[in-house]
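Quick notes on the structure that follows.
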Amino acid sequence: MAVQALDAARLPIDWQRLALPVALIAVAYGLIPAYASSYLVEAILLPFLALSLAAVGLNLLTGYCGQLSLGSSAFMAVGAFAAYNFNLRVEGLPLAATMILAGISAAGIGVVFGLPSLRLRGFYLAVSTLAAQFFVQWALTKFGWFSNDNPSGVISAPHLAVAGFSLDRATGRYLLSVTTVIVLTALVWRLVNSATGRNFIAVRDNETAARVIGVPVLKTKLLAFAISSFIIGVAGVLWAFTYLRTVEPAGFNLDRSFQILFIIIIGGLASIRGAFLGAAFIVIFPLILSRLGAFLFGGLFDSGVLDMSQRIVLGALIIIFLIAEPNGLSALFDRLKRRIGSRSS
Amino acid sequence: MIGASLGAAAYERAPEISGILAGAGPVEDTRPARLSAKADAILALGGISISFGGVTALRDVDLEVKSREIRAVIGPNGAGKSSLINIISGLYHADQGKIAIDSQSFSRVSASRLARLGVARTFQNLALFGGLSVRDNIASGRVHTRRASFVEHIAGLPRARREDAAIAEKVDQTIAFLHLEAVADRLVATLPYGLQKRVELARALVAEPKILLLDEPMAGMTATEKAEMAGFVRAARDRHDVTIILIEHDIGVVMGLSDRVAVLDYGRKIADGTPAEVRANPAVIRAYIGTAEGEHGEGI
Ligand SMILES: Nc1ncnc2c1ncn2[C@@H]1O[C@H](COP(=O)(O)OP(=O)(O)OP(=O)(O)O)[C@@H](O)[C@H]1O
Ligand SMILES: [Mg+2]
């Protein structure tokens, strides 16, 4: 927080700050493609990456700009279906262009459903974003055109290729996903540390004061909806194309919207790192819980019990986080780092 | 320099402003040179009324403020002082009446437009951006000068960098002016109340406003902090050529700091003049004795 965007502009390279991201990128492109099992990639990394990106997008809107949204899953669906249709209907469209167009489609829908934010706040806004959730799911189910009149409504994702290289295998999809996430996250990082990002925070912290000093409040809110939905839309493409390998409206239901909201609450609002920590938690937590349950209760711990205990524990955790650590895992992480730092020095 | 050019502009439009001032309040500015007083009026309110439901917060209030003046507005709680400032800063829209700023007259104008016209303000209750550092809070005061789009910001294109650099320079100057160097990189929410008030003044001053509206900038401060703040307010006027409207309950501060004082009571202006005139005005004494003396009485 102390590092200023202005300083960053003067000193483009701050190695200390870049050390961790550089290490992570080395792991992402070196270790993981070389050594990770396909289970790790398919069951953990791919959902983790897509959810992280969606959470980065939602955090921009909710964490930074203070506009509560329950429509994330709808914007993911718009992204996924738009990508499917652009790919299907535009001959030879490169994958990157497909993804950008999908993001733009989601941004357009996001702006439309962001319009109520000009009038509504907090809880009321959240309820109005539910409209996006129900409308999008309804439209995608109702109009067969979106799923190319496929009778089941479940369509398989297209082949993925960049410049002739097929990305259909696990490693290829992983590389596509991780690259997309890194690029978009870097752009978001630039954004939140810029004057635009500070406008988001100003609108969140005190809308009246923001208006008085000349922040274009309406434009800022709609911009937050647009950029956030763009990113969530691309996350939807990753979710459908690289993780599920199918595109279907049912996968983008209200549960998913809540899941992404929980990710940013657990990870930490207004923190990019928090989106990743929260997503990692949400993906890994059920796996740990099922192992633990099976270990403790053996056969009694079936999938129904797992599902229920997962909901209970998650609900409790969210309440605990909201009360005890509203800044989420990201703040816990910072505290841990400081403690280790002070011990070693 | 600003004062001179504004004076000239206002002079050209003098008939309009004097028209607004036609229905002057109960206590007249009795000096003979009325016309020249109006010629350097930078702000004029004429016949302003506003009510909320059944409560009339302001009733037919006139106020004329001269360039580079420190103009105090005082009155008991609920007298309508904040409402007046909210109208001047575009947060409230008057039910009746007109505002003339410089040479332009409006009955309704948006807050963002006023920011561009050179009106800045602080709030009675702190209105800072708690999630931003002191420096970023102050920098936000110049947001109305920015033109670069978010794409330029993300890409770090020349215009965005130029704007950032220009604003950083102004922010540094303001930080030095208000002695905020030591806390410049702290999150504003972690500062003590008195310093937060000062950051809010900094955020308003960095905009280099023509008109600065201060709603109880010293409320809740210790005596030392008040004296310090009064010093900053005076220095802001002297060095930055800004016209100041000051709402303050501490009569001692008001009398020492302001050039002219307007007194509101139940939404009406009951007196207007120099501190000495206002202090001697029987209506003012009645209004203040009629309310809890202790609350406002220090030093009257
Ligand atoms: N937004 C609003 N909605 C309803 N009533 C309001 C509003 N703003 C002001 N009022 C009412 O208008 C009257 C004047 O309020 P105002 O805040 O202008 O007084 P004030 O002189 O600033 O008082 P104080 O010294 O307590 O700050 C009060 O009765 C107040 O309740
Ligand atoms: Mg007030």
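A, B, ... follow the sequence lines: proteins, then strands. Residue 1 opens every chain. Note that the coordinates shown come from a computational prediction; the quantities given were computed from them, not determined experimentally.
Residue B/R142: no heavy atom, backbone or side chain, is found under 4.5 Å from chain A. In this structure, chain A has no heavy atom under 4.5 Å from any part of B/A189. For B/L114, no part sits under 4.5 Å from any heavy atom of chain A, backbone or side chain.
To the nearest 0.5 angstrom, A/L332 atom CG is 9.5 Å from A/N327 atom CG. To the nearest 0.5 Å, atom CD1 of residue B/I138 and atom CZ of residue B/F129 are 12.0 Å apart. Atoms CZ and NE2, on A/R190 and B/H153 in that order, are 10.5 Å from each other to the nearest 0.5 Å.
Of the residues listed (A/V203, A/D205, A/N199), the one engaging A/I201 in a side-chain contact (heavy atoms from CB on, under 4.5 Å) is A/D205, and it is the only one.
For the options A/V217, A/V212, A/V192, A/T208, heavy-atom pairs under 4.5 Å to chain B are most numerous at A/V212. Heavy-atom pairs under 4.5 Å with chain B peak, among A/A186, A/A209, A/G214, A/A270, at A/A209. Heavy-atom pairs under 4.5 Å with chain B were tallied for A/V215, A/I213, A/T196; the largest tally goes to A/I213. Highest contact tally toward chain A, considering only B/S89, B/G156, B/S110, B/S140, is held by B/S140 [criterion: heavy-atom pairs under 4.5 Å].
Among residues at least two apart or in separate chains, there is no side chain to side chain donor-acceptor pair (under 3.5 Å) pair with a member in residues 54-66 of chain A.
The salt bridge (Lys or Arg N to Asp or Glu O under 4.0 Å) search around A/R335 returns A/E325, not counting sequence neighbours. In this view, B/R147 and B/R159, B/E163 satisfy the side-chain contact (heavy atoms from CB on, under 4.5 Å) rule, not counting sequence neighbours.
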Query - Intermediate values then yes/no, side-chain contact (heavy atoms from CB on, under 4.5 Å), A/L68 and A/F123 - result: CA-CA 7 Å; A/L68 187 52; A/F123 173 72; 6.0 Å; no
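Residues of residues 115-126 of chain B placed with any heavy atom under 4.5 Å of a heavy atom in chain A are listed by number as B/A115, B/R121, B/F123, B/L126.
Note on ring orientation: taking the six-membered ring where Trp is involved, the planes of B/F177 and B/H240 are perpendicular (angle over 60°, cut-offs 30° and 60°).
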